[in-house]
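In each ligand, atom 1 is the first atom listed, and ligand 1 is the first ligand listed.
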Amino acid sequence: MAKKIAILGTGGTIAGVGPAGGAGYTAAQLGVEQLVAQVPALARAAPGGLLLEQVAQVDSKDMTTVLWQRLAQRCLALMGDPQVGGIVVTHGTDTLEETAWVLHELLGQGKPVVLTCAMRPATALAPDGPQNLLDAVTLAAHPLARGVLAVVAGVVHGAREVTKAHPLRLDAFASNDAGPVGWVELGAVRWARVPAGDGTARHAALAARLPDAPWPRVEIVLSHAGADGAVVDWMVAGGVRGIVVAATGNGTLHEALAQALERAQAAGVAVRVATRCPLGRMQAPDGARWRDARGLSPVKARISLMLELMEAARAPGAA
Ligand code: ASP
């Protein structure tokens with residue numbers, strides 16, 4: 001028997017409202033029931049029925065760890081419900097890739113969790129949200145779909161690769177070198193590579209017991225011409241727990257910034273190096289002074305470091 005698809009609303013432009021056909025709008029205004037009401041074809045895409053829940057109502061530029069925690073916990077509960085076959089999350093475009101990554105790290109490759117969004121508000125002359133929502137439900141209901149995916153403008157992306165690459169275009173998202181996981185075309189999923197589904201989340205144990213406390217403070221610093229590292233010293237004085245540095249090229253850093261990061265590391269701050277290059281994967285040289293970010297973009301590396309620090313705080317013997 002077909003299972004239910006849960007749709008969790010979190011806001012974003014997909015739920016945005018503005019003057020009909022006009023440029024300005026306010027994100028996160030329509031509830032998930034209103035979004036679903038715009039797409040009668042959802043009944044066919046989810047023959048087992050839909051479960052609708054409003055988890056948040058935010059412009060995703062203002063996403064918080066508190067909302068991530070609430071969303072992850074709702075996803076976990078729904079993944080444990082045998083009547084639910086998959087989950088769709090409607091989200092803003094600005095931080096979609098971050099939410100995709102935090103859910104991937106916490107939930108892993110079990111039942112599909114498909115994020116979608118829109119570049120135009122629901123009141124636009126030709127809104128893109130309804131088609132994206134239909135594609136997301138189609139994908140979440142597909143028997144081969146696993147883990148955290150995103151579908152935007154008919155293109156399916158994996159959580160590790162997905163990134164917002166354009167500020168305005170309807171197909172604003174890219175998977176860069178890796179290429180898309182697949183496409184949703186005329187109501188059917190065409191896979192470029194089928195998601196692996198190994199069932200393991202890097203932070204599954206943490207997901208079940210996320211602490212009811214602020215997440216450790218981790219900041220991102222950019223290495224650029226003229227960087228002097230003063231910002232790192234301010235962060236350390238302010239109690240930062242981790243720093244991800246968006247380095248030039250293959251992890252190279254301005255020497256003044258590198259010296260400040262060494263002072264930070266000596267003071268107990270965790271440092272990770274990611275590259276600011278959008279393509280390729282950094283190859284850390286042997287004997288590198290810093291741990292590299294496992295090929296993650298700086299924003300995703302920041303999430304992984306926050307989770308690592310929380311995991312370490314839970315470990316036996318941790319203070
Ligand atoms: N600022 C909006 C958001 O991320 C942009 C969008 O959804 O396209 O919620």
### Task
Might you point out which heavy atoms bring P112 and G85 nearest each other, and give the distance in Å?
CD-O, 3.5 Å
### Message
Quick one, Q29 and Q57 - any side-chain contact, counting heavy atoms below 4.5 Å?
### Response
no
### Query
Based purely on interatomic distance, does V58 place a nitrogen or oxygen under 3.5 Å from a nitrogen or oxygen of ligand 1?
no
### Side chains of W290 and Q265, donor plus acceptor under 3.5 Å
no
### Message
Tell me whether ligand 1 is touched by G11 - counting only heavy atoms on the residue side and a distance under 4.0 Å.
### Response
no
### Task
Sequence neighbours left out, what passes ring pair (Phe, Tyr, Trp, His ring centres under 6.0 Å) with H157? Give chain and number order.
none
### Task
Give a yes or no on whether a salt bridge exists between E97 and K300, defined as a side-chain N under 4.0 angstrom from a carboxylate O.
no
### Query
Among all protein non-hydrogen atoms, which one is nearest to atom 5 (C) of ligand 1, and what is the separation to 0.1 Å?
T13 OG1, 3.2 Å
#### Entry: Separation of I5 CD1 from L52 CG (nearest 0.5 Å)
12.0 Å
### Task
Look at atom 9 (O) of ligand 1 and say which protein heavy atom is nearest, naming residue and atom and giving the distance to 0.1 Å.
S60 N, 2.7 Å
### Message
Taking salt bridge (Lys or Arg N to Asp or Glu O under 4.0 Å) as the definition, give me every residue that meets it alongside D233, ordered by chain and number, with sequence neighbours left out.
### Response
R263
### Summary
Of all protein heavy atoms, the one nearest atom 8 (O) of ligand 1 is T93 OG1, 2.5 Å
## Note on the structure
The protein heavy atom nearest to atom 2 (C) of ligand 1 is D59 OD1, 3.3 Å
### Query
Purely on distance, is any nitrogen or oxygen of Y25 under 3.5 Å from one on ligand 1?
no
### Query
Side chain, backbone, both or neither: which part of A28 comes within less than 4.0 Å of ligand 1 when only heavy atoms are counted?
neither
#### Entry: Under 3.5 Å: N/O of D94 near N/O of ligand 1
yes
